[in-house]
Enquirer: 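This structure is in structure tokens; I'll ask about it shortly.
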Amino acid sequence: STMGIDWVSLFFCYFSGILLSKDIIVMPGRRKKAHEARLRRKGFIPVRLKVKKKIAVPKATRMASISQMESLEEAQPGSLDEFPFLSDPKTMEYIEGSRTMFIMRGLPGSGKSSLGKQISDAYGNTVMCSADNFRYVDGAYVFDRTKLHESHEKCRELARLSADSSINVIIIDNTNIRVWEFKYYLEIARRKQYTVVLVEPRTAWKWDIRELAVKNSHDVPERKIREMAGRYEVAVPLYFGWFLNADDSARVLTVGEQVLKQLSEVREFAEEFKCYSESGTGSLDLTKYFTREAFTGNKNSVHCTAMFTKYGKVPGSEVYATSEMVVNSCGQVFRIEIVGFVITPRTFGARVRLTEYQKKLWSVDDYETSNHGTPIRGLRSRNISGESEGWDAGLPSSPSLSNRFAQLDLEEDIFEEGAADNLANTATEHESEETEREAKFCPTWGFGSRAHITLGCAPGVPPVQTGLDLVEVIQTEAVTSDLSGVESTHESAASDLESVTSELSLISDPGSFSIKKGEARCYGEGRWVVYLDKSIHVDAMYSGFY
């Protein structure tokens, strides 16, 4: 059914910059017409307007020299008055080519809608969704409690249509006082692989009830605002982390698939893992053994967890969520470095090396060793030795892990020269600095060393096990790389290393196997590690999974 928006209301909303901003329909060719048709059927009237294609970069930033910009490893957030998605050029460029949903939160008059309009003006392919847009009668705003549900339903429908049309930036401009109020939008974002950023205004009067009563544009009384303030909830996610966009997620998973394919050609690896293969052809195929079925959220999206908060149930999670560092960094893009891969009978993951700044956002126990997995059949200790085997022959490209990416038409071999440059818009692959052999085989140690991206898990094994398997690998690396003397401030680190030393007496020489773009090693108990000759760098947005 149509929404009954008359031309007077449309005219008013257009010039007030609320309903039909200049950025509402900005898509190339066929996609644009299809989206307009959907909106017409639902009662929306698309308006064709010229849109500036350039990103709005602050004048001070534009004046910075190119050499200065290139020297920045990652932009450091400024004061709390600055938002990275409005001030950091790298973040803004990333958002232009990704899918991001900004969910505004704030009391009436706090500046929430004005901030949402700034975000809308900063980007091209944008839709702003607000229940207030559907409360105009003859050009005047009329709040009718009996139509409250209807206005929110229309707002949700606009958000759903926009996500289905892959609009790059969707802005949800409602008060969203309590978490359940924006749960529907979280489901849309999860289904369509949008990274969610919760945004609250940082105005000086955001909690000043009297000032809010004066400033709000819809004459919400002071009594009502005070009541809303009393119901305001701090939104703590399931976890915070660095989230890869849809394209980069698919390609990193495809890189992982290539790693498994290459390892399957190593006789020792194939012998150890053949009992887990379900290929039925005699060849080793682990792409169906390691799945993402136990993962929360979209199964095709990957991330690197910075802190597991469990919706505020983990001690200290609310303090972390409201800290200046976290608040300042949400919505900012960081460069993530993948230095290798870890494969065990339980899990398969990419290993991440954090920068010093990223470590400031890190809040995970790097020495936790509890096993959250399930017993794996055929698990046994092995003493691997022998000559390295070279694989100079190219491997046939495979469509996906368990055919999940067949629809993406990814046919290139990620390991071919230059192919890693295709990691979305900004991902690059470059050669790491030359290091000592011991450092190569122990690329991460100490604080932040547990950082990883889970690519797949064995049946019945939760994703958290990937980090625990990585902890075991790091301990074995420390011994075999003669780094057991490295100082650690963690009280259990020394005892962990001591306990693992005896276990490693049978694998003093782990054995190395050459693979394309790297080297593989086995550390016993089915623990295999791939060390890349060149790190893979990919951009990811820091935020929360709600």
Enquirer: Passes side-chain contact (heavy atoms from CB on, under 4.5 Å), Asp164 versus Arg191? Steps please.
Expert: CA-CA 10 Å; Asp164 288 343; Arg191 178 169 53 88; 3.5 Å; yes
Enquirer: To the nearest 0.5 Å, how far apart are OG in Ser317 and OH in Tyr311?
Expert: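 So the OG of Ser317 and the OH of Tyr311 are separated by 12.0 Å.
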Enquirer: Can you name the nearest heavy-atom pair linking Gly106 to Tyr232, along with the distance?
Expert: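 So the minimum-distance heavy-atom pair works out to N-OH, 3.8 Å.
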Enquirer: Is there a side-chain contact between Ser166 and Lys192 in this structure, where contact means two heavy atoms from C-beta onward sitting under 4.5 Å apart?
Expert: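 They are not in side-chain contact.
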Enquirer: What's the verdict on salt bridge (charged side-chain N to carboxylate O under 4.0 Å, His left out) for Lys183 and Glu187, showing C-alpha distance, side-chain angles and the deciding distance?
Expert: CA-CA 6 Å; Lys183 184 177 179 181; Glu187 291 298 327; 5.6 Å; no
Enquirer: Could Glu93 and Lys90 be called an ion pair, given the rule that one side-chain N must be under 4.0 Å from one carboxylate O?
Expert: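 Salt bridge absent between Glu93 and Lys90.
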Enquirer: Looking at Asn245, is its backbone amide N or carbonyl O close enough to the side chain of Tyr94 to form a donor-acceptor pair, meaning the two atoms are under 3.5 Å apart?
Expert: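 Flag set: sc Tyr94 to bb Asn245 pair under 3.5 Å.
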Enquirer: Apply salt bridge (charged side-chain N to carboxylate O under 4.0 Å, His left out) to residues Lys154 and Glu150 and explain how you reach the verdict.
Expert: CA-CA 6 Å; Lys154 292 176 180 179; Glu150 179 184 349; 3.0 Å; yes
Enquirer: Nearest heavy-atom pair of Ser151 and Ala131: which atoms, and what distance?
Expert: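 Reported closest heavy-atom pair: CB-O, 3.7 Å.
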Enquirer: Is any side-chain heavy atom of Phe334 closer than 4.5 Å to one of Leu361?
Expert: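 The answer is yes; the side chains approach within 4.5 Å.
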Enquirer: side-chain contact (heavy atoms from CB on, under 4.5 Å) for His452 and Arg351? Distances and angles first, verdict last.
Expert: CA-CA 5 Å; His452 66 278; Arg351 192 170 182 177; 5.7 Å; no
Enquirer: So with a 6.0 Å cut-off around NZ of Lys359, is the heavy-atom count from everything else above 12?
Expert: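 Counting neighbours around NZ of Lys359, more than 12 heavy atoms of other residues, nucleotides or ligands fall under 6.0 Å, so yes.
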Enquirer: Could you state the interatomic distance from CE (Met228) to CG (Leu212), rounded to the nearest 0.5 Å?
Expert: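 Those atoms lie 10.0 Å apart.
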Enquirer: Using a 4.5 Å cut-off on heavy atoms from C-beta on, say whether the side chain of Ile177 contacts that of Leu107.
Expert: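 When only atoms from C-beta onward are counted, Ile177 and Leu107 do touch, with a gap below 4.5 Å.
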Enquirer: Taking only residues two or more places apart in sequence, or in another chain, which ones meet Tyr320 in a side chain to side chain donor-acceptor pair (under 3.5 Å)?
Expert: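 Side chain to side chain donor-acceptor pair (under 3.5 Å) check on Tyr320 returns Tyr542.
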Enquirer: Counting only heavy atoms from other residues, nucleotides and ligands, does the tally under 6.0 Å from NZ of Lys206 exceed 12?
Expert: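 Enclosed: over 12 neighbouring heavy atoms sit under 6.0 Å from NZ of Lys206.
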Enquirer: Begin with the C-alpha distance, continue with both residues' side-chain angles, and end with the deciding distance and a verdict on side-chain contact (heavy atoms from CB on, under 4.5 Å) for Leu244 and Arg251.
Expert: CA-CA 10 Å; Leu244 280 65; Arg251 293 182 181 277; over 6 Å; no
Enquirer: To the nearest 0.5 Å, what is the distance between CD1 (Ile167) and CE (Met128)?
Expert: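 Here the rounded value is 15.0 Å.
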Enquirer: Is there a donor-acceptor contact under 3.5 Å linking the side chains of Ser113 and Asp173?
Expert: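 Note: Ser113 and Asp173 side chains meet the donor-acceptor criterion.
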Enquirer: Is the number of heavy atoms from other residues, nucleotides or ligands within 6.0 Å of CD (Glu318) greater than 12?
Expert: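 No, the 6.0 Å shell around CD holds no more than 12 heavy atoms from other groups.
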Enquirer: So do the side chains of Asn174 and Phe182 get within less than 4.5 Å of each other, counting heavy atoms only?
Expert: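 Side-chain contact under 4.5 Å: no.
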Enquirer: Is the shortest side-chain heavy-atom distance between Leu86 and Leu115 below 4.5 Å?
Expert: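 Heavy-atom side-chain distance check passes, below 4.5 Å.
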Enquirer: Can you find a pair of side-chain heavy atoms, one from Cys155 and one from Asn133, that are under 4.5 Å apart?
Expert: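 No, side chains not in contact.
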Enquirer: Restricting to non-hydrogen atoms, name the atom on Ala122 and the atom on Glu96 that form the minimum distance, rounded to 0.1 Å.
Expert: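 What the structure gives for the nearest pair is O-OE2, 4.0 Å.
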Enquirer: Does Arg450 have any side chain to side chain donor-acceptor pair (under 3.5 Å) partners at least two apart in sequence or in another chain, and if so, which?
Expert: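 Partners of Arg450 by the side chain to side chain donor-acceptor pair (under 3.5 Å) criterion, ordered by chain and then number, come out as Glu368.
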Enquirer: Closest heavy-atom contact between Cys457 and Thr347?
Expert: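 Smallest interatomic distance, heavy atoms only, reads SG-CG2, 4.2 Å.
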Enquirer: Are Arg160 and Tyr184 in a cation-pi contact, defined as NZ or CZ under 6.0 Å from the six-membered ring centre and within 45° of the axis?
Expert: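 Verdict for Tyr184: no cation-pi partner in Arg160.
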Enquirer: Can any side-chain N or O of Asn176 pair as donor or acceptor with the backbone N or O of Met104 at less than 3.5 Å?
Expert: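 Flag set: sc Asn176 to bb Met104 pair under 3.5 Å.
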Enquirer: Between Tyr546 and Phe240, which heavy-atom pair has the shortest distance, and what is it?
Expert: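 Nearest heavy atoms, Tyr546 then Phe240: OH-CE2, 4.3 Å.
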Enquirer: Is any side-chain N of the basic residue among Glu227 and Arg231 closer than 4.0 Å to the acidic one's carboxylate O?
Expert: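 Answer for the salt bridge query: yes.
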Enquirer: To the nearest 0.5 angstrom, please state how far the CD atom of Glu82 sits from the CG atom of Asn328.
Expert: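 Between atom CD of Glu82 and atom CG of Asn328 there are 8.0 Å.
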Enquirer: With sequence neighbours excluded, what pairs up with Thr100 under the side chain to side chain contact (heavy atoms under 4.5 Å, CB included) test?
Expert: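 Counting only residues at least two positions away or on another chain, Thr100 forms a side chain to side chain contact (heavy atoms under 4.5 Å, CB included) with Ile95, Phe102, Val197, Met541.
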Enquirer: Under 30°, 30 to 60°, or over 60°: which ring-plane class applies to Tyr239 and His303, parallel, tilted or perpendicular?
Expert: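 Parallel, since the angle between the ring planes stays under 30°.
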Enquirer: So, Thr254 side chain and Ala250 main chain: donor-acceptor pair closer than 3.5 Å or not?
Expert: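 Side chain of Thr254 to backbone of Ala250, a donor-acceptor pair under 3.5 Å: yes, one is there.
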Enquirer: To the nearest 0.5 Å, what is the distance between CD (Glu233) and CD (Glu181)?
Expert: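 Between atom CD of Glu233 and atom CD of Glu181 there are 8.0 Å.
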Enquirer: Can you tell if the side chain of His218 reaches within under 4.5 Å of the side chain of Pro108, non-hydrogen atoms only?
Expert: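 With C-beta onward as the side chain, the pair stays apart.
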Enquirer: Between Phe348 and Gly256, what is the shortest heavy-atom contact and its length?
Expert: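 What the structure gives for the nearest pair is CZ-O, 3.3 Å.
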Enquirer: For a quick check under 3.5 Å, do Glu257 and Thr287 share a side-chain donor-acceptor pair by atom type?
Expert: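 Per modelled atom types, Glu257 and Thr287 side chains form no pair under 3.5 Å.
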Enquirer: I'd like to know if the side chain of Thr91 and the backbone of Gln332 have a donor-acceptor N/O pair within less than 3.5 Å.
Expert: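 Absent.
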Enquirer: Please answer whether the main-chain N or O of Lys299 pairs with a side-chain N or O of Arg292 as donor and acceptor at a distance below 3.5 Å.
Expert: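 Indeed, once roles are kept as given, a pair shorter than 3.5 Å links the two residues.
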Enquirer: Can you find a heavy atom in the side chain of Phe85 that is under 4.5 Å from one in the side chain of Ile119?
Expert: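 Counting from C-beta outward, Phe85 and Ile119 do come under 4.5 Å.
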Enquirer: When rounded to the nearest 0.5 angstrom, what is the spacing between NE2 in His152 and CG in Leu148?
Expert: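 Output value for this atom pair is 4.5 Å.
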Enquirer: Is there a side-chain contact (heavy atoms from CB on, under 4.5 Å) between Tyr123 and Asn168? Walk through the geometry before answering.
Expert: CA-CA 9 Å; Tyr123 299 98; Asn168 291 111; over 6 Å; no
